[in-house]
Amino acid sequence: MLTGKHLIAGEWVGSDATFASEPAHGPSHDFSVGTAALVDSAVEAAEAAFATFGWSSRTERATLLRMIADEIDARGDAITEIGTQETGLPEARLQGERGRTVGQLRLFADHIEAGDYLDIRHDPAMPDRAPLPRPDLRMIQRPLGPVAVFGASNFPLAFSVAGGDTAAAIAAGCPVVVKGHSAHPGTGEIVAQAIDAAIKATGVHPGVFSLVQGGKRDVGTRLVQHPLIRAVGFTGSLGGGRALFDLCAQREEPIPFFGELGSVNPMFILPQAAAARGAEIGTGWAASLTMGAGQFCTNPGVAVIIEGPDADAFQSAAQTGLSSVADQTMLTDGIASAYRDGVSRVAAGTGVSKVMGTSCATRDAAPYLFTVAGDDWLADKKLQEEVFGPLGIIVRVKDVSQMQQIARAIEGQLTCTLHLDAGDKPEAQALLPLLERKAGRLLANSFPTGVEVCDSMVHGGPYPASTNFGATSVGTLSIRRFLRPVCYQGIPTDLLPEKL
Ligand code: NAP
């Protein structure tokens, strides 16, 4: 069933060199290594496809999106089988993520059919206006052209080959070239087979989608530098994302890089809530922190609470919760190794005490819990860096005022959470304006893992949570990343885009 090849505009193409996949369990397979020349072919085909796809009807694109979803569902068992082998994620997680992935595709189909996203504006001509007449002016959102998407390691389906970035770009009318993540090349290939089948069934231009497998850095570099690529969607590390973002900015014609990078998703536990249910919050935190071995961008890695017996109760419950979690397999050896480095970095921080945690075997992650005083956390910027895995830091602050200092000091976040009771209103009122400037999503009395795919979701935030704080990479608003407003002045109506 696997070809081990790249999908370039409807053709399965091999290359000279191969790399072997490194599954957590099950057989390894060989895959062709991506090359800059393959990127060039894929992007040129995408540009050729844009000539028709960019002017396709919303009905045609909705049909394609729904067909891709159906073709993915038809391959569900094969995707789950290889996906669990490659990533080590449990079967139920892969099935759930597939449900989310096809749900996103169908949601975008409904969204573009409704048409509101086009944000159409019309200022009719005023030929008799004095002193100058006004021409007829109309505005609509138009697709950008070929879009590059980097498959993310931690969501082999929902943020990968046919994930949210691809769905949003196709919905907008942009052909897509995906750089597959080498952590799950087989999963990526089967999903690409589903997209290929849908493209052939609907008869759209084959250049609308290509998958270039990874294996070498020059694939990603060429992709973001190719002059015909108009925008990039990325989820991954701060270092990798920043390097690619800088390449986009250094191009002769810079392009937008929509990178979703690191976030520690701090939780602020306000005094009344800590007193009433500190232990309950600690237990819930432990569950959120260890979900999926902590490999979620919304993992709440930092909890801020006022020093004292309520903080002790919170910490003790978190420790009990974390102790009951068995070691979990991480997505790749590299991610497991980065986790161990993160543990060492936090452990070496001034004033940091380890509450619990044992050493982790090669690809397994055990939970770690550390505690640090507010002053020490504020003095050490390294403690703000994301540790990708089930590691929590409890920041024990002196008082509400130091909690506000922490809120002022944190970098941009995907999420910030308040745990509060009715009596905490004044503290919450003081914190919210600070946190609103820092995060894309603010929560009360819940945990940030589990991102709803819907109209009002914002999965983004100020840097380094994302490289573009006006955008989201989850939910229907994410389509705006791949559109730009165009104004048509006095253009005859039969020459205007659909609906305008
Ligand atoms: P990554 O190293 O940033 O890689 C993501 C993608 O970008 C891969 O396809 C990679 O290609 C490519 N890439 C990275 N740096 C590049 C460069 N300088 N030039 C060209 N291409 C480049 O992320 P990852 O492999 O998914 O995981 C590594 C770490 O990222 C994790 O340990 C974790 O810290 C973080 N991470 C964070 C999130 C989050 O949501 N915050 C999600 C996933 C991962 P190659 O594979 O060919 O190198």
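Sequential numbering from 1 along the given sequence is applied to the chain's residues. Order of listing sets the numbers, starting from 1, for every ligand and every atom in it.
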Mark up the atoms of ligand 1 that fall under 4.0 Å of a heavy atom belonging to [X], in ascending order.
X	answer
N154	40 (O), 42 (C), 43 (C)
F150	7 (O)
S182	46 (O)
A243	18 (N)
A338	32 (O)
S153	24 (P), 26 (O), 27 (O), 43 (C), 44 (C)
E260	40 (O)
E386	37 (C), 41 (N)

To the nearest 0.1 Å, how far is [atom] from its closest protein heavy atom, and which atom is that?
atom	answer
atom 28 (C) of ligand 1	I335 CG1, 4.1 Å
atom 41 (N) of ligand 1	L261 O, 2.8 Å
atom 13 (N) of ligand 1	R217 NE, 3.8 Å
atom 37 (C) of ligand 1	G236 O, 3.3 Å
atom 45 (P) of ligand 1	K179 NZ, 3.5 Å
atom 34 (O) of ligand 1	F388 CB, 3.4 Å

R100 charged N/C atom sitting above F155 aromatic ring, 6.0 Å / 45°
yes

For S160 and H181, does a side-chain donor sit closer than 3.5 Å to a side-chain acceptor?
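Looking only at side-chain atoms, H181 and S160 do not form any donor-acceptor pair under 3.5 Å.
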
Do N265 and T298 have side-chain atoms, one donor and one acceptor, less than 3.5 Å apart?
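No, no side-chain donor-acceptor contact under 3.5 Å.
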
H181-ligand 1 polar pair, N/O distance under 3.5 Å
yes

All heavy atoms of T362 vs all of R340, minimum pair found to be O-NH1, 2.8 Å

With a 4.0 Å cut-off on heavy atoms, is F234 touching ligand 1?
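F234 counts as a contact of ligand 1 under the 4.0 Å cut-off.
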
Whether over 12 other heavy atoms sit under 6.0 Å from R251 CZ
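More than 12 heavy atoms, drawn from other residues, nucleotides or ligands, come within 6.0 Å of this atom.
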
Report, as yes or no, whether the 6.0 Å neighbourhood of atom CD on Q319 holds more than 12 heavy atoms from other residues, nucleotides or ligands.
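Count over threshold, so yes.
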
Ligand 1 versus Q295: contacting region, heavy-atom distance under 4.0 Å:
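Q295 to ligand 1: no contact under 4.0 Å from either part.
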
Where on S237 is there a heavy atom closer than 4.0 Å to ligand 1, on the side chain, on the backbone, on both, or on neither?
both

